[in-house]
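Within every chain, numbering begins at 1; the chains are lettered A, B, ... in the order of the sequence lines, protein sequences first and strands thereafter.
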Amino acid sequence: MPTLKRGLTLLVTVAATLLGLLLVTFLIGRVVPIDPVLSALGDRASAESYAQMRTQLGLDLPLWQQFLRYVGDVLEGDLGTSVLTSRPVLEDVLRVFPATMELATVAVVIGAVLGVPAGVFAATHRGRWPDHAIRLLGLIGHSVPIFWLGLMALLLFYAKLDWAPGPGRVDVFYEGMADPVTGIVTVDALLAGETDIFWNALHHLLLPSAILGLYSVAYIARMTRGFMLDQLRQEYITTARVKGLSETRVVWRHALGNIAVPLITVIALSYASLLEGSVLTETVFAWPGLGLYITNSLLSADMNAVLGGTLVVGAVFIALNLLSDLLYRLLDPRAR
Amino acid sequence: MTDDAPLLEVANLRVAFPTRTGMAEAVRGVSFTLGREKLGIVGESGSGKSMTGRSILRLVPPPGRVAADRLAFRGEDLLAASPRRMRDIRGRRIAMVMQDPKYSLNPVMTVGRQIAEAYRVHSHAGAAEAKRRALEMLAAVRIRDPERVYERYPHEVSGGMGQRIMIAMMLIPDPDLLIADEPTSALDVTVQMQVLAILDDLCSQRGMGMIFVSHDLNLVASFCDRILIMYAGRVVESCRASELHAATHPYTRGLLASLPRIDEPPGDLPVLSRDPAWLEG
Amino acid sequence: MMIDIRDLRVRFGQGADAVTAVDGVTLSVREGESFGLVGESGSGKSTVLRAVSGLNDEWTGRIAVAGTEQGPKRPKGFYKLCQMVFQDPYGSLHPRHTVDRILAEPIAIHGLGDADARIVRVLRDVGLGPAFRFRYPHQLSGGQRQRVAIARALVLEPRVLLLDEPTSALDVSVQAEILNLLRRLRAEHGLTLVLVTHNLAVVANLCDRLAVMNRGRLVEEMTVEELRQGAAREPYTLQLLRASRGYDRATAESFRDYA
Amino acid sequence: MTARTDTQSAGWRDWLTTDTPQSRAQARLGRAWAGWTAFRRNRLAIAGLLIVLALVVVAALAPVLAPYHPYAQDLNGRLLPPGAAHWLGTDAFGRDILSRLIHGARLTLMIVALVAATAPLAGLAIGTAAGYFGGWVDTVLMRITDIALAFPKLILALAFVAALGPGIENAVIAIAITSWPPYARIARAETLTVRRADFISAARLQGASSLRIILGHVMPLCVASLIVRTTLDMAGVILTAAGLGFLGLGAQPPLPEWGAMIANGRQYVLEQWWVAAMPGLAIFIVSLGFNLLGDGLRDVLDPKGD
């Protein structure tokens, strides 16, 4: 297929997906039993100002026009105003998002660095004890409620053993000392040359990201093992052995080369699910990221903030999907 | 070592796989010796012909078990060889071509790099030297435009060309013995003949021995020097290819009779009735 | 004429990627005849068969079976007239259905009564005893599976049997059994056979007449008697004949590509 | 006597494992037996099966098994550590944690059953239809599925619950709505691999209708991998439901939902750890049970692996 046509198809797909996401958040916003006019004006609004606000918010228009208006607003970056913070939701989200990204990125690095080799090792030792051990560990990782594990880890490493610092991104003492350039505390501290803050922030990051990473180790190891077993059965692996290649080269060059593309998809997917999983982890570790922001907004029925946050996470999801799709076309000779 | 000493000696080769009900024997006591000749191993599916070929390279997948009174390549015991020594032997001394290039070539590596890799692993030559040799080898298997084919991925070449690439890759380290496991079964008859001609020429030019595993009695009889006929893991008959028509074992005779022929009038073909006694050789 | 094909064309794909698989094929098969369609892979022989059977509906031209012109979509009655047997006996039987269910299904679809008796009869017809009736495909050998596939085709008592490489996935000793079975069934039921294969010897054994195809076109038609005497007119057919006689270094040198 | 039972059971086994079944029922039972024999050899899978069975038994017999009423408060016995009277201790209202866990099993089982009965079936119908018919049917259905798949599931469930109001029914609806797309994808992929199979062509050549082919030929082949996936997913459903409960968006007090129980114990976690630890352990064990069972089923039903 010509590249241009393929590119167009991809573009249409992404646009349709975004529109679908907007439709869902829009509809959720409509079924909320909270009156948006009242929440904007307060309970004691006069009938007159109520009607005026209703028109102003476009609530008297037909539903499809309201939707178009909503799409237009979102495209202009207007996600509404948060009732809780009285600031534009987009501003809030941009402020808290780096904290979540920091957490999820470290977690996915842990996941990939441990998960891929574990999966390969399990596959090459199929049916023997390393395989069973890795498989069982994976199943355990899939079965632990992550928020509970966080609580228990705080209990053990913070309260009992005093190895880990408490909740939060840095100790209270350091808070706000490094200029928020990127919003990622570790990076900001390094940029400001504050090594103390950097180490402190890293120390704080370790426990929550390790716990978040545990889930993705389990997922990535399991998928890697499955892909790898599929490849090791293939005849080209026999060919590579007949050529006299070492087992290391057969496994890490030939077999792994063939699963690189699906693995990237898996890692992208698990990155996305980590962004999502941060909702629960952040609550436990009082980590001031998007997850905590959404949860707090939920509990105070701040729908603009909830839907805005949902939209941003959804958009990141779509971007990650797009990215793994593009990488697939770039890396797999059969897809070019 | 003199030239008339056997290339390969196999005595009482056995391959077995554990199953729920005990060990299942795929190869049950196969013996033969091979010089610089083309030896055909013929049999129906499940006769153990492929497993015999693979066990020589110690490529029987676990949990399969290989045992033999003697399995020696130029006098060296293959079953006692260390994994490292075995890697030296594979490719460099003994190579193998498999049935379908669609599956036996690595799909995400250009064919050129796969051939060059086969050369470099045994010669420790530089990248440029390996590429030069690979292009020469592509020309040797009569590929018209080696430079262009070198950069292709396996899915971009036809079956016949894929099998030539496979042959180029296997012959580039200049092995002494080639095991060809149904190398032309996935190809059309005319392409099949062309690929066989290439194998034939390269073998005689390089003085290689060849084990040609196939289910096609006619093809083996016309291509090889000597034939082993396998049934249920055993060699039931061994003869010169030119004397196949005079085979004595009832299984061989039955197989020959059950083949339809263009020059015979249509009519019922004799059906093979299997004698349990054949299982004991 | 049992089967009459005029100027059949089949194209796959659209626009620049389109491939012409069958390019203007005209042929006919008489009632009770056994007709062979021979060619190498990509010659379009199987595509012709699939168009006749109704599996492929993207063709142009004219196909008539038993005097009735056929459109792309077939009425239910067509399938009582014309049945097909596939190449790979491992892929043509549903892995989770017993032989019994495989054979009972066509009877149920066409509302034919007397299922038990029909199933037992057709199993006996293809040389399988009643012991095979409740087995799953994985409990059968390749030859037994192909017999079940033939039984499934016969249970509707068709007049035409289309055979797509019915023996090329089988060992030669089993191939002989299946060829003998097909010959007997043809005689007993007065079947018209269309056999697609790459193997000239199989055609010589089972057919009366054959057509050779190459790259979507019909190269030539001949009787099996002519084939036996090597009396082919076209160089492509002669090359096929030579290639099927086994390996010969000198002959291999003379081969060329026929576009 | 023993000898006789032995020969009897051997007779049954022969009847089940015979290569020549005499009837449809025998063939079917023989097949089930072969599956069970394979499953039985996987010890971890058996452990998973036992955990899931235990969950069902505990849920069914909750009033009989629980030593106390799940809501019975005892303000003098608040936050008691595990001991003879309260095996797993008491919570901030002096309620017996064990009894609440036992009654909570009913909620967990209900959530699992409701999701398992809806999402996979919807996915199966959509996926097989898309895969079998192809063309624009496939394009439309799969576009919708892909869009739904690209959404953040948990956060969307949160938003749903926020919109519909907290509560266990809404939590189930939210989970079911967000979890059908993967099933549709799996069912479609399986359908595509079998659609071109000769046995489907053969069925078409028998004159079988599309409905008959989808129901009788395609779906039975999708069901195996769907059952495996559903079982494995139930662990995730339990975790999501517990997460919603933990955030206060799932089951509402005083319902003994395990996630909400962890949330209740959270503020005491540093001193009275058992209040939060016990329900978490229950979630972990049950969820592990589904994972082990699903993993074992995959070996039997879907040996291709992931």
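Contact annotation: the side chain of B:V108 never approaches that of A:H254 to less than 4.5 Å [non-hydrogen atoms, C-beta and beyond]. Two residues are said to be in side-chain contact when any heavy atoms from C-beta on lie closer than 4.5 Å; B:R54 and A:T238 meet this criterion.
Contacts of residues 169-182 of chain B with chain A at a heavy-atom distance below 4.5 Å involve B:M169, B:M170, listed in sequence order. Proximity to chain A at a heavy-atom threshold of 4.5 Å picks out B:R87, B:R90, B:G91, B:I94, B:A95, B:M96 from residues 87-97 of chain B, in numerical order. Residues of residues 55-63 of chain B that come closer than 4.5 Å to chain A, counting heavy atoms only, are B:L57, B:L59, ordered by residue number. For residues 117-124 of chain A, an interface with chain B (any heavy-atom pair closer than 4.5 Å) does not exist.
Atom OH of A:Y328 has 12 or fewer neighbouring heavy atoms from other residues, nucleotides or ligands inside a 6.0 Å radius. Atom CZ of B:R148 is surrounded by 12 or fewer heavy atoms from other residues, nucleotides or ligands within 6.0 Å. More than 12 non-hydrogen atoms from other residues, nucleotides or ligands lie less than 6.0 angstrom from CZ of B:F17. Dense packing is recorded around CZ of B:R142, with more than 12 heavy atoms of other residues, nucleotides or ligands lying under 6.0 Å away.
Formation of a donor-acceptor pair under 3.5 Å by the B:S104 side chain with backbone atoms of A:T239 is not found in this model.
Of all heavy-atom pairs spanning A:R334 and B:P107, the tightest one is NH1-CB, 3.5 Å. Here the closest heavy-atom approach between residue B:A118 and residue A:K243 is recorded as CB-CE, 3.5 Å.
The contact between B:Q114 and chain A is made by backbone and side chain atoms together, counting heavy-atom distances below 4.5 Å.
Chosen from B:E156, B:R113, B:R84, B:M86, the residue pairing most often with chain A at heavy-atom distances under 4.5 Å is B:R113.
Taking CZ from B:R120 and CG from A:L245, the interatomic distance works out to 12.0 Å, rounded to the nearest 0.5 Å.
A salt bridge is defined here as a Lys NZ or Arg NE, NH1 or NH2 lying under 4.0 Å from an Asp or Glu carboxylate O, and B:E117 with A:R253 fails to meet this definition.
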